[in-house]
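The structure under discussion appears below in the form of structure tokens.
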There are 2 protein chains.
Amino acid sequence: MATLKQVAAHAEVSVQTVSNALNAPHRLRPDTLERVNRSIELLNYRPNRNARSLRTSAVELIGYCVPNWPNQTHLVMDQFLHALCAAAERTGRHILLFTAPPGVDGMPVYDDLHARRLVDGFVLSQTETHDPRHGWLKEQKIPFISFGRVWKETTQPGPWVDVDGAAGSAMAVRHLHEAGRRRIAFLSWSKSSGLAEDRLGGWRKACKELGLPTSGLAVRCREDSITEGARATAELLDADPFLDGIVALSDILALGALRELGRRGLTPGVDVGVTGFDDSPLADVVSPGLTSLRQPMDDIAAELISILTDPDGPPDASTERLLHPELVIRGSSAPG
Amino acid sequence: MATLKQVAAHAEVSVQTVSNALNAPHRLRPDTLERVNRSIELLNYRPNRNARSLRTSAVELIGYCVPNWPNQTHLVMDQFLHALCAAAERTGRHILLFTAPPGVDGMPVYDDLHARRLVDGFVLSQTETHDPRHGWLKEQKIPFISFGRVWKETTQPGPWVDVDGAAGSAMAVRHLHEAGRRRIAFLSWSKSSGLAEDRLGGWRKACKELGLPTSGLAVRCREDSITEGARATAELLDADPFLDGIVALSDILALGALRELGRRGLTPGVDVGVTGFDDSPLADVVSPGLTSLRQPMDDIAAELISILTDPDGPPDASTERLLHPELVIRGSSAPG
DNA sequence: CTGAAAGCGCTTACAG
DNA sequence: CTGAAAGCGCTTACAG
């Protein structure tokens with residue numbers, strides 16, 4: 001493994017010049033630069049990142065806590081991680097994975113990783129309603145960026161990027177309305193979820209604007225499962241035989257709706273239009289395909305990394321980015 | 001941020017002694033050790049990892065390439081990553097994520113990460129039949145360990161950990177046989193997949209041993225989708241109305257089988273027993289639940305990390321570990 | 001534009 | 001058991 005010194009000796013310049021050739025090539029005369037680059041090539045030199053980091057005290061590594069919630073599967077996690085890595089790499093950085101206990105119990109792990117200079121900062125996801133991590137990190141002045149809002153009544157304890165769930169639900173409602181649906185229900189979760197309330201609100205608002213009924217058409221599911229989605233759908237259909245549209249808070253709940261429709265001999269996309277959220281791999285693998293609201297993962301990741309690594313210093317709490325989901329239309333809402 | 005020097009000054013010892021207190025506490029007299037530890041605590045000292053790595057030239061970071069294959073979703077990736085992280089952390093290491101083009105085109109990325117000392121070695125997964133990465137890394141003498149075999153005719157180009165797919169299929173067959181099934185089919189993939197041939201072989205062998213028929217009972221699916229699983233199941237049922245068991249190569253194919261059974265008014269677990277592979281989150285979220293072969297992720301991860309970080313030096317190609325899957329029984333094979 | 005030198009924060013023979 | 005010193009491979013004021 002060649003070092004800077006060896007390259008310098010080979011190119012007959014000082015180490016400083018080799019370092020500049022790498023980090024500030026404009027400072028060198030073209031012929032010197034070329035000579036140095038030839039030596040770098042020839043010796044197959046790669047700068048040692050640890051030495052660099054020790055000197056600059058920046059490791060160019062971003063911490064991400066890999067979630068472990070058996071009961072809430074993150075079906076689009078591989079997409080998110082891939083996008084996050086790719087975005088980090090575009091700035092010469094990488095993602096360091098770690099595990100930590102949920103909530104505030106995990107914070108010493110974050111603190112330790114930062115203090116020992118294994119990472120420069122953190123990307124938080126799986127943000128929970130009233131998530132305590134953000135406030136803690138802010139307190140410790142540890143740089144971070146959140147994917148997802150904390151949904152506190154007061155201001156957000158830090159910068160965030162999120163997808164506009166209300167706008168997503170509204171898009172789904174308008175799409176179903178255009179397809180002729182007039183009684184559109186909403187499958188939700190518990191009231192305590194900020195995310196659920198956001199998406200529910202978008203459904204209600206869009207229905208009102210289009211003059212569609214909402215009363216009795218929102219059902220809360222106890223958990224995010226196919227079974228619960230099917231149960232809620234059964235409840236809706238029993239109460240309202242003219243129901244012709246279902247906007248579900250998640251792909252899993254939507255899959256439950258599809259199953260209950262099938263059980264009753266109703267054809268999704270023909271008798272009842274159904275939409276989900278997240279455009280998980282399942283949406284494309286069922287038949288009919290599930291219309292779903294795709295989170296723009298590449299844009300989300302790019303914003304997260306760009307805010308966290310802003311050269312003007314660590315982000316403050318006023319940085320907010322609300323991105324729009326994209327409706328991916330499949331057979332469950334529009335037979336074709 | 002306190003440094004070793006400051007701690008030494010505070011405890012009135014040399015830096016060497018503080019370093020020893022951290023890395024070789026047995027070398028200190030108990031009273032010295034206690035004094036040093038008090039100073040460490042008081043100053044909230046955390047050793048700078050970059051300085052350590054520069055000195056020891058070990059970064060304690062393991063590279064893992066985050067897969068991006070849209071057409072083959074890795075439904076258990078979050079489980080795998082969590083297990084891998086946790087296992088790495090038990091040895092004081094962490095996982096560094098990166099992206100790379102598939103196949104041999106990605107190898108310069110691996111080489112660069114290793115040469116620049118961002119990682120000590122790699123964990124490979126999503127191993128493909130005749131995967132070229134293993135041979136390349138071996139050639140470059142870059143430490144790695146593979147989850148999954150390359151399925152070359154010749155010897156493996158490196159150490160690996162894998163799950164015994166043949167044993168898994170055999171377990172599924174015996175389980176269905178015990179439940180009274182006598183005509184058990186197998187849903188497979190293309191012949192070119194070593195993994196598929198392994199699992200198919202286990203099914204055939206177990207059937208033969210139990211005196212069950214196999215002729216015409218293995219179907220190859222063109223892709224890993226619910227639709228293909230359903231199509232293959234339809235083909236099987238059309239050809240053999242007495243079919244009463246289906247062992248599927250994947251949970252996705254098994255889900256297709258469940259759907260086709262439902263479509264024909266047959267009840268999974270009652271009329272036909274069905275099993276899948278991987279125990280993905282879907283298996284538990286459908287109804288009836290899908291009986292499936294769980295890969296022992298924690299054991300796999302522990303073996304991977306233990307082999308890769310063996311203190312006796314980097315692993316050689318002769319290290320092999322074949323772990324057993326576990327049959328998780330749900331309603332699709334045994335109505336409860 | 002280029003070079004000699006200090007220093008980032010550790011670890012580790014070596015000597016006492 | 002403890003300490004003084006060299007050195008890991010870089011970057012960066014500073015001087016020429």
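Chain letters run A, B, ... following the sequence lines, proteins first and then strands; every chain starts at 1. These numbers come from the heavy atoms of this one structure, side chains and all, not from hydrogens, waters or symmetry mates.
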Separation of [X] atom [atom1] from [N] atom [atom2], in whole Å?
{"X": "B/Arg46", "N": "C/dC8", "atom1": "CZ", "atom2": "P", "answer": "21 Å"}
{"X": "A/Leu118", "N": "C/dC10", "atom1": "CG", "atom2": "P", "answer": "13 Å"}
{"X": "B/Arg55", "N": "D/dA5", "atom1": "CZ", "atom2": "C1'", "answer": "11 Å"}
{"X": "A/Tyr45", "N": "D/dG9", "atom1": "OH", "atom2": "C1'", "answer": "7 Å"}
{"X": "A/Gln6", "N": "D/dC8", "atom1": "CD", "atom2": "P", "answer": "11 Å"}
{"X": "B/Leu54", "N": "C/dG7", "atom1": "CG", "atom2": "P", "answer": "17 Å"}
{"X": "A/Asn50", "N": "C/dC8", "atom1": "CG", "atom2": "C1'", "answer": "13 Å"}
{"X": "A/Arg117", "N": "C/dC8", "atom1": "CZ", "atom2": "C1'", "answer": "12 Å"}

_Modelled atom types, side-chain donor and acceptor of B/Thr91 and B/Thr309, under 3.5 Å_ = no
Reckon [X] has a side-chain N or O less than 4.0 Å from the OP1 or OP2 of [N]?
{"X": "A/Thr17", "N": "C/dG3", "answer": "yes"}
{"X": "A/Arg27", "N": "C/dT2", "answer": "no"}
{"X": "B/Asn23", "N": "C/dT11", "answer": "yes"}
{"X": "A/Ser19", "N": "D/dT11", "answer": "yes"}

*Measure from the ring center of A/Tyr64 to the ring center of A/Phe147 and say whether it is less than 6.0 Å.*
no
*Mind checking A/Ser53 for me? I need base, sugar-phosphate or nothing, with any heavy atom below 4.0 Å counting as a touch.*
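Answer is nothing: A/Ser53 stays at 4.0 Å or more from every strand.
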*Could you check whether B/Thr32 gets within reach of a base, just the sugar-phosphate, or nothing at all, counting any heavy atom under 4.0 Å?*
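Contact class for B/Thr32: sugar-phosphate only.
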*Taking a pair as Watson-Crick or G-U wobble with both distances under 3.5 Å, which nucleotide is matched to C/dA4?*
none
_Could you tell me the Watson-Crick or G-U partner of D/dA13, where both distances fall under 3.5 Å? Say none if there is no partner._
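The answer is none; no pair meets the criterion.
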*Give, for atom CD1 of A/Ile95 and atom CD of A/Glu89, the distance between the pair rounded to the nearest 0.5 Å.*
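Rounded to the nearest 0.5 Å, the CD1-CD separation comes out at 8.5 Å.
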*B/Arg52 has a side chain; which of D/dG9, C/dC10, C/dG3 sits nearest to it?*
C/dC10
_Given C/dA13, D/dC10, D/dT12, identify the nucleotide with an atom nearest to the side chain of A/Gln16._
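Of C/dA13, D/dC10, D/dT12, D/dT12 is nearest to the side chain of A/Gln16.
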_Residue whose nearest DNA chain C nucleotide is more 5′ - A/Val15 or A/His26_ = A/His26
*Please tell me which of B/Val13 and A/Thr56 maps to the more 5' nucleotide of DNA chain D, matching each residue to the nucleotide holding its nearest heavy atom.*
B/Val13
*If you take all heavy atoms of B/Val76 and B/Pro281, which pair is closest and at what distance?*
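Between these two residues, the closest heavy atoms are CG1-CD, 4.4 Å.
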_Minimum heavy-atom distance between B/Asn50 and A/Val59, given as atom pair plus value_ =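 Where B/Asn50 meets A/Val59 most closely, the heavy atoms are OD1-CG1, 2.9 Å.
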